[in-house]
Structure formats: structure tokens, C-alpha cells
2 protein chains.
Amino acid sequence: MPSHRLTRPTRSGRPRSAAADAAILEATRASLVDLGWSKLTMGDVASRAGVAKTTLYRRWAGKNELVVDAVAVLFDELELPDLGSLAADVEAVVLQFAALLERPETRTALMAVVAESTRDEALRDRIRNSIVARQKRLVLQGRERAQRRGELPVEPDGEVAARTADLIFDVIAGAVVHRALVSAEPVDTDWARRFTLLLLSGLGSAPRPGSAPAERAQKPGGSV
Amino acid sequence: MPSHRLTRPTRSGRPRSAAADAAILEATRASLVDLGWSKLTMGDVASRAGVAKTTLYRRWAGKNELVVDAVAVLFDELELPDLGSLAADVEAVVLQFAALLERPETRTALMAVVAESTRDEALRDRIRNSIVARQKRLVLQGRERAQRRGELPVEPDGEVAARTADLIFDVIAGAVVHRALVSAEPVDTDWARRFTLLLLSGLGSAPRPGSAPAERAQKPGGSV
DNA sequence: CCAGTTACGCTACGGGTCGTAGCGTAAGGC
DNA sequence: GCCTTACGCTACGACCCGTAGCGTAACTGG
């Protein structure tokens, strides 16, 4: 899934070097580790990859697109073993996300490209397709398992189910990212456990005798 | 609370123009709106503010610090009317955060400076003190109210309470940011309501007859 | 009122990155 | 072998950076 959206109209002629592709993406990650996002430069990546700078521009429009592709492949490693319970699965997802955010490449690149994407529609789509989708997979997978186990009800309305899945995804991914990058504190097993407990049981559940539960709770079971 | 940490050792001599300060920060926000983070330049801000470029560098070390200060003041607007219930308060906090993220200045700047902060300890502290702290205030305020109402138990151990507050803060702020900037979909009242319901009631509450609740749920009431 | 001290505006500069153009050459498809 | 495309290389104007140097402005303390 190369996705080098830069003009590749016809076929015939010398094909693009797949080896150069790999070298460039590898060099980009290395440069991210050494220099970080802001000091990463196209020239530096080119020389690390042993490639002319012009070759970079023939394939990627600029730094943003290049880095997205370079980091995206790391999200392919994400996989979720079936641990037998929803709680365990959520905890595992959290730790998987966290492990990726530990790596300096993703750490420095992810927020940067998201920031850039606020002014670039195409970049936003690229991120959504190559990074967010890979993350979301895990959440959908976990939900399906939980439904199969009977831990979560099966929502008949597909649209409602999709909206709830989006909500849960934003909560999980958002919380992990915020903890790791904004609060800049470790996402360890202890935190993951407390987060999972909060997500599954909520704040207001069995608070203490003598207090009324949240009034708006019309239908307490979150349909998924 | 100027925080221009750039050397101001003694007093006597011509004082720094407070008017210039205001003009610079205002110009910075305007430039963020027009150009976005990546294309914002110190020279542009200076000319917008009617100020020499050197004046900027006399007060701020660079783009990062300047933008943090320029955006931070927007977070002072955050205030939370007492709405009578925990659910309503949470919903209000969510919508307050969301409203700030609607603005193009904050939208483009926030993630960018966070990204930069991953490689800059001092910048991280600056963000924490001038932006994150202002957000966290609301969460702490909401918790205190809920405890006074009896909606949340009072945690006797101060450290545990602080950790739980941090958790909740990361969940709320993280979810909102992720929804608004990564998923790039609107944080409207509908979403806020569903999020609040999830946060208060959790996923696993009253799932459906015939299924066991999450096994690890040792003490279901989240102490806060 | 007069030093002393600091901020300001302006100009100019070396250094770096950007993104592109132009060229000769290398590597496949037919 | 011919056509087409990719590649490496060089060079370039444009822009931004961050700083130095200077003369001037503003405020403080004697």
C-alpha cells in the first residue's frame, strides 16, 4: 500500500526503486529519532537514505506526507491477542498504544502531523487512512469479541453502533495520547488498569450509600 | 503573569512596553489564524505588531514560547457555572474545551506546541503551567462540587485522589482533543451527552441479563 | 537637570532550508 | 534497439533564522 499519491500516470519506462522507498522511510524514522520533527529536513533524510533530494520530491509532496508514511507502518505491528475478557482486552489495547507512543519516532511525529492536518484536508485524510484506521481496528476487534462473550449487548442499529464505537475509540486513544504526551507521564500497567476500570464501570457507579445516581442516566447500559 | 522568562535581572532604565506586549500577542494570534502554525514567522508577527523583530527575541526565545503565551490567555475564559449535577458539569466542561478548540488559533497551535514539547523539557513545563493547569482547574472544581453534592465519595488519601483526578482529566481532555483534532468531527451537545453518560456509567454497567460483569472489578465505586 | 541604564527601531549579515530546473545517465517495457 | 520514465547531480532564487551593531528613546536615581 505505497500510497505515494504523487503523479504516476502511466506505466512503461524505468520503474521506481522499491529499495529506495524502503531506505527513505527508514531514513525518515532515523532522522526523527535523532533530530525530532522540527529539525528534520528533506536534505538530511535524502543523504541518510543515499538518495538525491529530488527523488524525495518526486514521490512525496513534502515533509508532512513523508513522515506520515514513515510512521504509519509502525502501526501495523498492533495486534491484539484474545485475553478472555473485555477488561483485559481494553488494558491490552491501552498498553499497545502506549508502547507505540514510547518510541521517539512516533512520539515526536504524531502530534506534529495532526497539528499540520488542521489546515490541510488531504493530509487529514492521509492520516485517517494510514494511521487512525489501523488503531481503530483494535477497538472494533475488541468490541466484537466482547459481544461474542456476552459482555456487551449487540446494537441492532448499525449507525448507532458506529457512533458508539467512534466515541469509545476517541476516549481510549485520546486518553492515552493525552497522558503520554500532554501530561507527559508514563502509561504503565497501573494506569492502564485504573483507566480500564473507569471505562467499564464509570464514575458514578455505586458511589456510596446515600447519594442519587446521575439523573440523566436514561438507559444505563451503553449499547455498542 | 507575563512569564517572559528572558533575562530581566535588575530594574532601572527604560521599562518594557506593556502595549508592545499586548500587540505582539494579539498579532501572534492573528497570524496563527491567517497562516497557521507552520507558516507563522517571527518577522510576520513583528510587522503585524508594528514592532522590530529584535524586540520579539528580547522577550521570547522563539516561536514555541511566543505561541504558548499567545494562546494561554484564551484559556482564562474557561469558567464553569454550577449546573446542579455532575453530569451537567461534565457536559459543560466538555463543551468549554470544545469551544476553545473550535477557534483556529488554538486548533492549529495546541498540538503543534505539544509536539515540540516532546523534545524540550522547558517548553513542556511552560505548557503545563500556562495551559494545562488552566484546564485542570475546571476538572478539580467539578469534582469538588460533586463531592459536596454527595455524587462522588471523598477520597481520604490525598495522593490517591490526585492520581484519580489526573486520570479523569486525561480522559476528558484527551477524548475531546482526539475527537476534535484527530477524528476531526464536531464536539456537539449530542456527543458531549453520550460521552458524559459513558464516563459516569461506564461500558459494562447493566450490560444485559445473562452476562457476567468484568471480573477484575474489585471495588466498583471509583474513589475520587 | 544630568548621568546611568535599559528598551527600542533599524539595517545588515552569514547560515540554513526550501522547492525547482536542467542536464546527462541508468533501467525497464515493447 | 527505441521509447519512456526514474535517478543523481548541480545550481539557483527565495525565504526565514537569529544576531550584531548602532543611534535614539524612555525611565530612574542622585
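Proteins get letters first, then strands, A, B, ... in listed order; numbering begins at 1 in each. We use all heavy atoms of the structure for the numbers below, so side chains are in, but hydrogens, waters and symmetry mates are not.
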Student: 5'-most contact on DNA chain D: A:Thr55 or B:Arg14, nearest heavy atom basis?
Tutor: A:Thr55

Student: Calculate, to the nearest 0.5 Å, the distance between atoms CD1 and CG belonging to B:Ile131 and B:Asp69 respectively.
Tutor: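 B:Ile131 atom CD1 to B:Asp69 atom CG measures 8.5 Å (nearest 0.5 Å).
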
Student: Which nucleotide in the set D:dG8, D:dG18, D:dC16 lies at the smallest distance from any side-chain heavy atom of A:Ala52?
Tutor: D:dG8

Student: Give the rounded distance in Å between these two atoms: NZ of B:Lys63 and C1' of D:dC17.
Tutor: 11 Å

Student: Can you measure A:Lys39 atom NZ to D:dG18 atom C1' for me and round it to whole angstrom units?
Tutor: 13 Å

Student: Check whether any side-chain heavy atom of B:Val176 lies under 4.5 Å from a side-chain heavy atom of B:Gln135, and answer yes or no.
Tutor: no

Student: Looking across every strand, which nucleic acid part, if any, lies under 4.0 Å from B:Thr54 by heavy atom: base, sugar-phosphate, or nothing?
Tutor: base

Student: Starting at CE of B:Met42 and ending at P of D:dC17, how long is that distance when rounded to a whole Å?
Tutor: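 Answer to the nearest Å: 7 Å.
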
Student: How long is the line joining CG of B:Leu56 and P of D:dC17, in whole Å?
Tutor: 10 Å

Student: Would you mind telling me which residue lines up with the more 5' stretch of DNA chain C, B:Ala20 or A:Pro15, judged by nearest nucleotide?
Tutor: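 Nearest nucleotide further toward 5': that of B:Ala20.
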
Student: Tell me: CG of A:Leu40 to C1' of C:dT17, nearest whole Å?
Tutor: 12 Å

Student: As an exercise, state the distance from CG of A:Leu138 to CD1 of A:Ile172, rounded to the nearest 0.5 Å.
Tutor: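 CD1 of A:Ile172 is found 9.5 Å from CG of A:Leu138.
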
Student: Among the candidates D:dG18, D:dG8, C:dG9, find the nucleotide nearest to the side-chain atoms of B:Arg58.
Tutor: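 Within the option list, the nearest is C:dG9.
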
Student: From A:Glu144 CD over to A:Leu152 CG, what is the distance, rounded to the nearest 0.5 angstrom?
Tutor: 12.0 Å

Student: Using whole Å, what does the distance between atom P of nucleotide D:dG18 and atom CH2 of B:Trp60 come to?
Tutor: 15 Å

Student: Heavy atoms from C-beta onward define the side chain here; which of D:dG18, D:dA25, C:dG19 lies closest to that of A:Lys53?
Tutor: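 Ranking D:dG18, D:dA25, C:dG19 by closest atom to the A:Lys53 side chain puts C:dG19 first.
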
Student: Rounded to whole Å, please give me the gap between CG in A:Leu35 and P in C:dG16.
Tutor: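 Going from CG in A:Leu35 over to P in C:dG16 covers 14 Å.
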
Student: Distance check needed: D:dG18 C1' versus B:Asn64 CG, whole Å only.
Tutor: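 For the pair B:Asn64 CG and D:dG18 C1', the rounded distance is 14 Å.
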
Student: With A:Val94 as reference, evaluate A:Val187, A:Leu199, A:Thr189, A:Asp89 under the side-chain contact (heavy atoms from CB on, under 4.5 Å) test and give the passing residue.
Tutor: A:Val187

